[in-house]
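To start, the structure under review is shown below, and the notes come after it.
Both ligands and their constituent atoms are indexed starting at 1 by order of listing. Please read these numbers as outputs of a predicted model, since none were measured by experiment.
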Amino acid sequence: MKYAFPDNFWWGSASSALQTEGAREGETTWDYWFAREPNRFHNGVGPQHTSTFYQHWKTDIQLLKQLNHNSFRTSISWARLIPDGIGEVNPEAVDFYNQVIDELNEQGITPFMTLFHFDMPMAMQEIGGWENRDVVEAYARYAQICFELFGDRVLHWFTFNEPIVPVEGGYLYDFHYPNVVDFRRAATVAYHTVLAHAKAVQAYRAGHYAGEIGIVLNLTPSYPRSQNPADVKAAHIADLMFNRSFLDPVLRGEYPADLVALLKAYDQLPACRPEDSALIAEGKIDLLGVNYYQPRRVKCRDSAVNPQAPFMPEWFFDSYEMPGRKMNPYRGWEIYEPGIYDILVNLRDNYGNPRCFISENGMGVENEQRFIENGQINDQYRIEFISEHLTWLHKGISEGCNCLGYHMWTFIDNWSWCNAYKNRYGFIQLDLKTQQRTIKKSGEWFAATALNNSFEKE
Ligand code: BGP
């Protein structure tokens, strides 16, 4: 069967500044943490060992062209542009981003720009990071500076990438700096991120720029183990905490009432100011990026909560390991292709069918060299992964979902936070020693699909 996509469908991939650029001035929390606890990073490889986009951007953009991308998302590094977060703009950073943006446009590849992809300038973290409202102001200034500098040529902006992840990693589950475990502080970080988002949207609207502004959320559909009311309630609470805590403010302009009531009941609400709700209402977006990697399966708890334990989302659910689930064993994530369709249908039916696109989807695999045939990685599993997801995406579009494109994570194998280079995601293989780039089979498959705006599958 042939799966054809709408005209002008966005075909591309996503990456981020910190994971690709290397050679950075301006310290981030990642540099600081790595210097102190290198053992937290796979094989002790830190954020300075990234895929050298800062040097190779021009030839890398040629490779994007070879992959027939018509669009590409990366991020601006706040710490590169404004090393102390709040002061002088670094002219070299302005030159660098200008060159990248201009080259992308010249090559017919529409740049999509994220303003914050997990990379907090250390100077901002030192004053409390997202717990401090001054950082919200500093971010709003940074966003405004980006719009002024690049807004004439970048027409698709994203305030944040996966804003729930720094909340989970940094303040609940100890996999990002500052390694705090404290729900109330986590809720404050999440709340201030929403305020920062809304301030950036406000500034963008006030500047009457030519393009559009949105956010990228990692939506993990919450599936209950069964239709038993206790399981259904567990899935509902997980959905409120991990999806709707950002989805509702950015699409509806307000928080779900039952999320607020739940946090209030457990005395976990952040400090709010009366003027905040009007600001949040102004943060409604034009375009939603959806990152989809895995579903979340939950069941009700089997045991009582230890009242002495720190308050956690898991007070309300246990994760559920569905027998027979398909796994990506390298990343430990379930692969569930219909999830992409369920997300789109939920957006269509419950959120007014917003303009959206798949901004990340991908499969990290370890030791891909074992698949080399005639000098090229033959990653059939990735082609299978993409085409299966695309058939579900296609079904969503044919049923009226407003999905405008599909971007893969990622372009060239890049540095993956604490996993460093353990799992490879790229269309293009990176030789860490020589920095040589070689297109994988999946890259060729994607290039053909993008060119034809369609693919064939049994
Ligand atoms: C997303 C992030 C990316 C990227 C990807 C793969 O959550 O937006 O930055 O890293 O996941 O995940 P990981 O690198 O953790 O394997």
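Remark: K441 does not engage E373 in a salt bridge, criterion side-chain N to carboxylate O under 4.0 Å.
Under 3.5 Å, the side chains of S16 and Q19 contain a donor-acceptor pair of N or O atoms. At a cut-off of 3.5 Å, with distance as the only test, no side-chain donor of H117 or S75 sits close to an acceptor on the other residue.
Cation-pi geometry between R297 and Y336 is satisfied (NZ or CZ under 6.0 Å from the ring centre, within 45° of the ring normal).
Between W409 and N361 there is no side-chain heavy-atom pair separated by less than 4.5 Å.
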One pair per line, please: each N/O atom of ligand 1 matched with every protein N/O atom under 3.5 Å away, atom names first, then the distance to 0.1 Å.
from     : atom 1 : to   : atom 2 : distance (Å)
ligand 1 : 7 (O)  : E162 : OE1    : 2.5
ligand 1 : 7 (O)  : E162 : OE2    : 2.9
ligand 1 : 8 (O)  : H117 : NE2    : 3.3
ligand 1 : 8 (O)  : N161 : ND2    : 2.9
ligand 1 : 8 (O)  : E360 : OE1    : 3.1
ligand 1 : 8 (O)  : E360 : OE2    : 3.0
ligand 1 : 9 (O)  : Q19  : OE1    : 2.8
ligand 1 : 9 (O)  : H117 : NE2    : 2.8
ligand 1 : 9 (O)  : W417 : NE1    : 3.1
ligand 1 : 10 (O) : Q19  : NE2    : 3.2
ligand 1 : 10 (O) : W417 : NE1    : 3.1
ligand 1 : 12 (O) : Y425 : OH     : 3.4
ligand 1 : 14 (O) : S416 : OG     : 2.6
ligand 1 : 15 (O) : R331 : NE     : 3.4
ligand 1 : 15 (O) : R331 : NH2    : 2.7
ligand 1 : 16 (O) : R331 : NE     : 2.7
ligand 1 : 16 (O) : Y425 : OH     : 2.5

Less than 3.5 Å apart, which donor and acceptor atoms pair up between the side chains of residues 341-351 and the rest of the protein, not counting sequence neighbours?
from : atom 1 : to   : atom 2 : distance (Å)
Y341 : OH     : E399 : OE1    : 2.5
D342 : OD2    : Y223 : OH     : 2.5
N346 : OD1    : N350 : ND2    : 2.6
R348 : NH1    : E399 : O      : 2.7
Y351 : OH     : R244 : NE     : 3.3
Y351 : OH     : D248 : OD1    : 2.6

